[in-house]
Every structure is written in structure tokens, then in C-alpha cells.
Amino acid sequence: MSTTFNFADALLNWYDQFGRKDLPWQQSPTPYHVWLSEIMLQQTQVTTVIDYYLRFTRRFPGIRSLAQAKQDDVLAYWSGLGYYARARNLHKTAQIVVADFAGEMPKTLEQLIALPGIGRSTAGAILTLAYHQPFPILDGNVKRVLTRFDAISGWPGNKQVENKLWQRAEQLLPNRRIANYIQAQMDLGATLCTRSKPDCQNCPMQHHCQAFALGTPTAFPEKKPKKAVPQRQTHWLVLKNDQNEIYLEQRPQQGIWGGLWSFPEIDKAEDIDVLCRQRFHINITQHQPLPHLQHVFSHFKLAIHPHLLQCRAEGIADKDNGNWYKIEDSLTLGLPAPVKSFLQSFL
DNA sequence: AAGGCGGGGTA
DNA sequence: TACCCAGCCTT
């Protein structure tokens with residue numbers, strides 16, 4: 001007699017042999033650990049996250065210590081990881097959970113999605129990995145596995161395609177071992193059903209995968225339609241006083257690098273000395289343009305032109321969002337990656 | 001539906 | 001160099 005192929009059973013059997021069980025956040029998968037790791041892993045690879053996760057959990061071992069922290073401190077531990085709204089939302093959510101849920105992550109999809117920074121997929125990961133409730137996730141791994149398994153064409157960023165994927169992810173859910181199953185989906189996508197060189201010969205889905213049958217597994221998922229990224233310019237005012245301190249400002253919460261510390265910025269390098277007198281009430285004694293840095297974002301390129309401006313400290317204005325720092329002290333702040341790298345080269 | 005939002009690994 | 005990664009939020 002013949003039996004129909006069971007996706008979940010095959011995946012779970014594969015997971016028992018080849019799945020990942022040693023990742024830091026798997027050692028004690030509390031709701032806090034699962035949530036934190038899921039946020040860090042949004043658009044960020046596992047190998048990058050591991051060190052950040054270990055440092056972050058040493059400093060903030062639980063949701064209450066995170067809730068009590070200053071946002072500045074949280075951002076400092078996120079510095080270099082990017083997508084800083086994740087850190088700001090993480091902090092906000094910790095405070096909400098402590099205030100409204102007695103410090104315990106909620107257990108329903110609706111309550112989780114209502115929290116800042118948690119969408120349907122992250123909520124699904126928390127519900128499955130921490131609470132063992134049956135929900136689908138749809139991260140990059142699952143999108144890749146499922147678009148191949150069903151040979152689904154179209155870009156997964158397209159709403160129609162995404163809806164189809166959610167539907168399929170839900171349909172394939174097993175009624176047992178849900179946490180292992182969700183982890184297995186991610187493991188399959190991350191270690192075997194990879195973007196460039198999928199190891200189809202060792203895949204438990206090989207004989208049931210539509211993309212493999214077509215002979216073009218890497219044709220799925222379809223690529224995002226690309227568009228040109230604009231090149232922008234900015235100038236950094238690297239103010240340096242007689243005590244060898246540099247001046248840093250905290251950026252507004254909204255926009256790029258929100259809440260992080262950086263140099264005062266201007267669009268055009270006109271009349272810098274005059275501007276410094278007007279805005280900061282200081283006199284520049286020496287102005288040295290430094291070689292420009294090229295920084296690449298996902299949506300634009302930024303040419304940064306630093307201007308080293310030697311000046312006297314007294315009388316500097318708008319101190320409410322700016323401060324003088326010794327360079328070695330500044331490195332413990334929440335700094336954008338190019339600012340940190342620039343300051344380190346200064347030592 | 002489209003765009004904003006980082007930084008780094010990889011081919 | 002181009003692509004994309006355990007996505008979410010705003011417009």
C-alpha cells in the first residue's frame with residue numbers, strides 16, 4: 001500500500017539528524033530568549049548575531065533588567081547591528097510587558113503582534129519555540145523552502161505571493177513537535193536549501209520538490225526587482241577642543257541611525273567656520289578636510305566628508321542633545337558603524 | 001503597495 | 001560588485 005508524502009514527518013526526521021541544536025538562544029528557550037534572538041535575527045545572519053546576543057544577555061539577563069535600562073544603554077549594546085528601530089522597539093516592548101503583562105510575554109498572536117517590533121512571523125516564532133503552540137512563520141528561510149517545494153513564481157515581497165506562502169505554511173503545520181518543526185524549517189533553509197548552492201542530493205524533500213523536478217531550484221524564490229540606489233553626500237563636523245575631546249550629538253529618534261550618537265552634519269561644506277560661530281558659538285582655529293568615507297546602505301550610498309575642526313570648548317550651544325567626549329569614552333556610546341570605525345582610527 | 005531602515009557575509 | 005539575510009513599520 002502507498003502512503004502520501006508527509007512534509008512535516010520528513011522534515012522532523014531530517015531535523016533529528018542534521019538540525020541545529022547548539023545555538024546560544026536554544027540552550028534555554030525562554031520567551032525572553034526566543035523573542036530577543038528573533039528580533040536580532042531579523043534581516044541579520046546567525047553568525048553575526050551570536051556575539052551580540054551573548055553580550056546583550058550578559059548585560060540584560062531578563063526582561064525586567066531590559067525594561068529598567070536607559071535607551072542609550074540598550075542602543076550601545078546594539079551598536080553595529082543595524083536597523084536600530086529594532087532596539088528601540090525591543091526596549092519599548094520590554095517596558096510594556098512589565099507594565100501590562102506582569103513581566104511575562106503574552107501568549108496570543110493578537111497580543112504579540114500589538115507589541116512594537118513584533119509582526120506575524122516573529123509572533124509565530126515566539127508562540128512555537130517558547131510556548132509550543134501551532135503557528136506558522138514566514139522568514140527568508142521558509143520563503144525559500146516553500147517557493148521551491150511548490151515552484152511558486154513571483155517575488156515573495158509581492159502581496160499575492162506572500163499570501164500564498166502564508167497559506168501553505170499554515171497548511172503544512174504538524175500537530176506534534178511544533179517547536180522542533182519550526183526550527184527544522186529554518187535549519188533546512190539555512191544549511192541545506194540555501195540560496196546559491198542547495199544540497200538537493202541530501203534533501204529529504206528531493207523527490208517531492210517541484211523546483212528540483214524542474215531542474216532549476218535556484219530559480220526560486222524570484223529576485224526582488226532592482227532599482228538604482230542614489231548617491232548622497234554629507235559633511236561631518238568633527239569638532240575637537242584643546243582637551244582632545246570630540247563633540248557628538250544624539251540623532252533624532254526618527255530617521256536613519258535614530259537615537260544614536262554622531263557628528264553634527266551639514267549638507268554642503270559652505271562657510272563651515274561661520275556656521276560653527278553661529279550655531280555653536282565657537283571659533284575654529286584650524287580646519288582640516290579629511291579623506292571621505294563611502295558608506296553603503298540598502299537603499300542609498302553615502303559619501304561622508306569629515307572636517308576636522310580644532311576649536312575651544314567654551315560657549316558651545318545646544319548642549320541639550322550634544323556633549324564633549326574623550327574618544328575612548330565615546331566608543332561605549334550607541335554609535336553608527338562608520339562613526340565607531342572613524343573614531344577608532346582616531347586613537 | 002511601496003519605501004525606509006544597517007551592516008556584514010558571500011559569491 | 002550585487003545580492004540578501006530568522007522583518008517590521010509608516011505612508
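The figures that follow rest on heavy atoms only: side chains count, while hydrogens, waters and symmetry mates do not. The chains referred to below are lettered A, B, ... by the order of the sequence lines, with proteins before strands, and numbering in each begins at 1. Treat the numbers as computed from the prediction; the structure is a model and nothing was measured.
Atom CZ of Arg144(A) is separated from atom C1' of dC4(C) by 9 Å (rounded to the nearest Å). Distance, Leu112(A) CG to dG7(C) P: 17 Å, rounded to whole Å. In this structure, the NZ atom of Lys223(A) is 12 Å from the P atom of dA2(C), given to the nearest Å. To the nearest angstrom, P of dA6(C) lies 15 Å from CH2 of Trp166(A). Protein atom CG of Leu146(A) is 14 Å distant from nucleotide atom P of dA6(C), rounded to whole Å. What separates NZ of Lys226(A) from P of dC4(C) is a distance of 9 Å, to the nearest Å. A straight line from CD1 of Ile39(A) to C1' of dA6(C) spans 10 Å, rounded to a whole angstrom. Note: CD (Gln253(A)) to C1' (dC9(C)) measures 15 Å, nearest angstrom.
Using a 4.0 Å cut-off on heavy atoms, the residues of residues 124-142 of chain A that approach DNA chain C are Asp139(A), Gly140(A), Asn141(A), listed by number.
Of the possible donor and acceptor atoms, none in the side chain of Thr216(A) sits under 3.5 Å from a partner among the backbone N and O of Ala219(A).
When heavy atoms are screened at a 4.0 angstrom cut-off, Trp25(A) is found touching base atoms of the nucleic acid. Heavy atoms of Gln183(A) sit under 4.0 angstrom from at least one base atom.
Residue Arg20(A) places no side-chain N or O under 4.0 Å from the OP1 or OP2 atom of dA6(C).
Straight-line distance between the P atoms of dA11(B) and dA6(C): roughly 14 Å, to the nearest whole Å. For the C1' atom pair drawn from dC3(C) and dG6(B), the interatomic distance equals 15 Å after rounding to whole Å.
Of the residues listed (Glu38(A), Glu110(A), Glu170(A), Glu162(A)), the one engaging Arg120(A) in a salt bridge (charged side-chain N to carboxylate O under 4.0 Å, His left out) is Glu170(A), and it is the only one.
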Walk along nucleotides 1-11 of chain B from 5' to 3' and tag each nucleotide B, S or - by protein heavy-atom contact under 4.0 Å, base first, then sugar-phosphate.
S--SBBB-S--
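Take Arg88(A) and apply the side chain to side chain donor-acceptor pair (under 3.5 Å) test, not counting sequence neighbours, and it matches no residue.
Taking CG from Leu343(A) and CZ from Phe263(A), the interatomic distance works out to 4.0 Å, rounded to the nearest 0.5 Å.
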Report the C-alpha distance between Thr122(A) and Gln42(A) in whole Å, list the side-chain angles of each, state the deciding distance to 0.1 Å, and finish with yes or no for side-chain hydrogen bond (donor to acceptor under 3.5 Å, both in side chains).
CA-CA 9 Å; Thr122(A) 298; Gln42(A) 288 170 6; 3.1 Å; yes
Determine, stepwise, if the pair Gln183(A) / Asp187(A) fulfils side-chain hydrogen bond (donor to acceptor under 3.5 Å, both in side chains).
CA-CA 6 Å; Gln183(A) 185 62 46; Asp187(A) 288 355; 2.9 Å; yes
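Among residue pairs with one or both ends in residues 39-65 of chain A, those qualifying as salt bridge (Lys or Arg N to Asp or Glu O under 4.0 Å) are Arg59(A)-Asp73(A); sequence neighbours excluded. Listed by first and then second residue, the salt bridge (Lys or Arg N to Asp or Glu O under 4.0 Å) pairs that reach into residues 125-150 of chain A are Asp150(A)-Arg168(A), sequence neighbours excluded. Annotation: salt bridge (Lys or Arg N to Asp or Glu O under 4.0 Å) contacts involving residues 262-278 of chain A, sequence neighbours excluded, comprise Arg251(A)-Glu265(A).
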